Amino acid sequence: MPDERKPVYTQADVDQTRSATESTPGEYPYTRGIQRDMYRGRLWTMRQYAGMGDAEESNKRYHYLLAHGTSGLSVAFDLPTQTGYDSDSPLALGEVGRVGVAISSLEDMERLFAGIELDHVSTSMTINATASTLLAMYVAAARRSGADTAKLTGTVQNDILKEYIARGTYIYPVIPAMRLTTDLIAWAGEQVPQWNTISISGYHMREAGSTAAQELAFTLANGRAYVDAALAAGLTIDSFAPRLSFFFNAHSDLFEEVAKFRAARRIWARCMREHYGATNPRSWMLRFHTQTAGSTLTAQQPENNIVRTTIEALAAVLGGTQSLHTNGYDEALALPTEQAARIALRTQQIIAHESGVPYVADPLGGSYYIEALTGQLEREAEALFAKIESMGGTLRAVESGWVQQQIQQAAYAWQRKVDSGEAIVVGVNKFQNEHEPEPRIERLNPDLERRQVERLRSVRVRRDQGSWRQSLQQLSDAARTTGNLMPYIVNAVEALATVGEIADTLRAVFGEYRESVTV
């Protein structure tokens, strides 16, 4: 986009758009922020995404982060947990605890949060295909610890569509997977009413190579697909829309990112009020979490990533995020060290307390450049919405592979610019160091996988076999009906059925998704 931008913007450029100055912060369509005073009233939640090894190792990191001022936890799960395999599955070999924490049973979840009052901390869980099972485990662990589940706050990602688009940790075909998503939304609305039941994610699409406009359009299109699915399941719009949340990437183009967040709020507010007829103002408000862009981090000169992350975090704050994760500078190499995690958190704290940025809601509002960019991104997103609708809607566009193809083409175009030197990445294709020092990286305990497998097998021996077997049979029977599956998943979790056993029970009924390959 840089070559498409003008050297100077004036009022004439803003007049071509739906000006964001049409409202003040806290007023529909919320272009300028969803609260009148924004961070003057309350700072964004400072989350640090963490999870490594087994539950005990991750629990230590959570206590460390809480002691250093983080105000919300964010859980990363390993790939076996994300894709519905237990830690002792042959398909999990070598992956246990590698890119997140290994959770196979309710007892693992209890160890993960040992010593943490779950009704006093906000927890975000990045989990999708097995979101129903992991949320059930979290709620069950909270009950067993004596926490008031009505006071539990946090978010479960539960965004399965973007798995088919950009990430790949799906299990079931699209339709039954969407059923699990809406079942969770309906159940949580009654059982954990303060919980955000879905975090509709553009982050991973951006990491896969999408443009800012594609991230904006495809994320909000997915949001509409979830709204349609929930309405088709019999929910009323204002019964669930206030608990929808979004998850965006904060990339390195500062002003484009700020404009993206502003456009997202405006598009969503109009969609919810004008298209769906929502009457509760909270249903109109797009609330979102932001994570700085992992794809911009470089293994070369990793200390440069501190600067990149600071710019991206600033974009998120200027854009009005509700919560923020800042990446560790060493994450292009390995899981972040404690030092890297602390610097990442301190980055947020310095912006919050030293920069002066939070003193004013939407401090860039009224800038000719920002207003013009906001309108431009909105128009580009609307063109993509029209294309998706012409294909029969989001599900058709995803199932056909069209959305995936658009992102792949954008990623290829960007990589060609980097390879040619047209786009400069400092330390990679320009300003390189001749000799890079060996960085210190976090290394997992090689004994971790064996220890995790032993604990899992102990659970299988100790649990009540009758209750366990009955819970899985009831889940299997329910999956063949149209009823809500969450109560059956909760029962199975409490009977100490494992993540893999619950997923296998549903695989037997729903089947598995196989991605179509086109050349």
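From a predicted model like this one, the values you see are computed outputs, not experimental measurements. Computed from heavy atoms alone, side chains included, the values below leave out hydrogens, waters and symmetry copies.
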Test applied, side-chain hydrogen bond (donor to acceptor under 3.5 Å, both in side chains); reference residue, Gln452; option that passes from Asp108, Asp54, Asp447
Asp108

ring-ring contact (aromatic ring centres under 6.0 Å, His included) involving Phe385 - partner list, sequence neighbours excluded
none

Go through the structure and list residues passing side chain to side chain donor-acceptor pair (under 3.5 Å) with Gln474, not counting sequence neighbours.
none

Taking only residues two or more places apart in sequence, or in another chain, which ones meet Ser199 in a side chain to side chain contact (heavy atoms under 4.5 Å, CB included)?
Thr155, Gln157, Ser245, Phe247

Nearest heavy-atom contact between Val75 and Thr123 is CG2-CG2, 4.0 Å

State whether a side-chain donor-acceptor pair under 3.5 Å links Ser458 with Arg462.
yes

Sole candidate of Asn327, Thr310, Asn249, Thr326 that passes side-chain hydrogen bond (donor to acceptor under 3.5 Å, both in side chains) when paired with Thr292:
Asn327

Quick one: ring-ring contact (aromatic ring centres under 6.0 Å, His included) partners of Tyr488, sequence neighbours excluded?
none

Looking at residues at least two apart in the chain, or sitting in another chain, which of them share a salt bridge (charged side-chain N to carboxylate O under 4.0 Å, His left out) with Glu257?
Arg206, Lys260

Mind telling me whether His68 and Tyr64 have parallel, tilted or perpendicular rings, with 30° and 60° as the class edges?
tilted

Will you find, in the side chains of Asn305 and Glu331, an N or O donor that is under 3.5 Å from an N or O acceptor?
no

If the condition is side chain to side chain donor-acceptor pair (under 3.5 Å), which residues does Thr321 pass it with, not counting sequence neighbours?
Thr290

So Arg455 and Glu56, side-chain contact (heavy atoms from CB on, under 4.5 Å) or not? Walk me through it.
CA-CA 12 Å; Arg455 287 198 185 107; Glu56 281 82 0; 3.3 Å; yes

Who are the salt bridge (charged side-chain N to carboxylate O under 4.0 Å, His left out) partners of Asp159, not counting sequence neighbours?
none

Side chain to side chain contact (heavy atoms under 4.5 Å, CB included) involving His63 - partner list, sequence neighbours excluded
Asn59, Ile116

Once ring-ring contact (aromatic ring centres under 6.0 Å, His included) is applied, do any residues pair with Tyr164, and if so which ones, sequence neighbours excluded?
Tyr170, Tyr513

Ile237 versus Ser283, closest heavy-atom pair with distance
O-OG, 4.3 Å

Run the side chain to side chain donor-acceptor pair (under 3.5 Å) test against Tyr62 and tell me which residues pass, sequence neighbours left out.
none

Do the side-chain N and O atoms of Gln82 and Glu163 include a donor-acceptor pair separated by under 3.5 angstrom?
no

Checking Arg179 now: which residues fulfil salt bridge (charged side-chain N to carboxylate O under 4.0 Å, His left out) with it, not counting sequence neighbours?
Asp183

Within the 4.5 Å heavy-atom criterion, are Trp195 and Leu135 side-chain neighbours or not?
yes

Taking only residues two or more places apart in sequence, or in another chain, which ones meet Phe261 in a ring-ring contact (aromatic ring centres under 6.0 Å, His included)?
Phe288

Are Ser295 and Glu207 linked by a side-chain donor-acceptor pair shorter than 3.5 Å?
yes

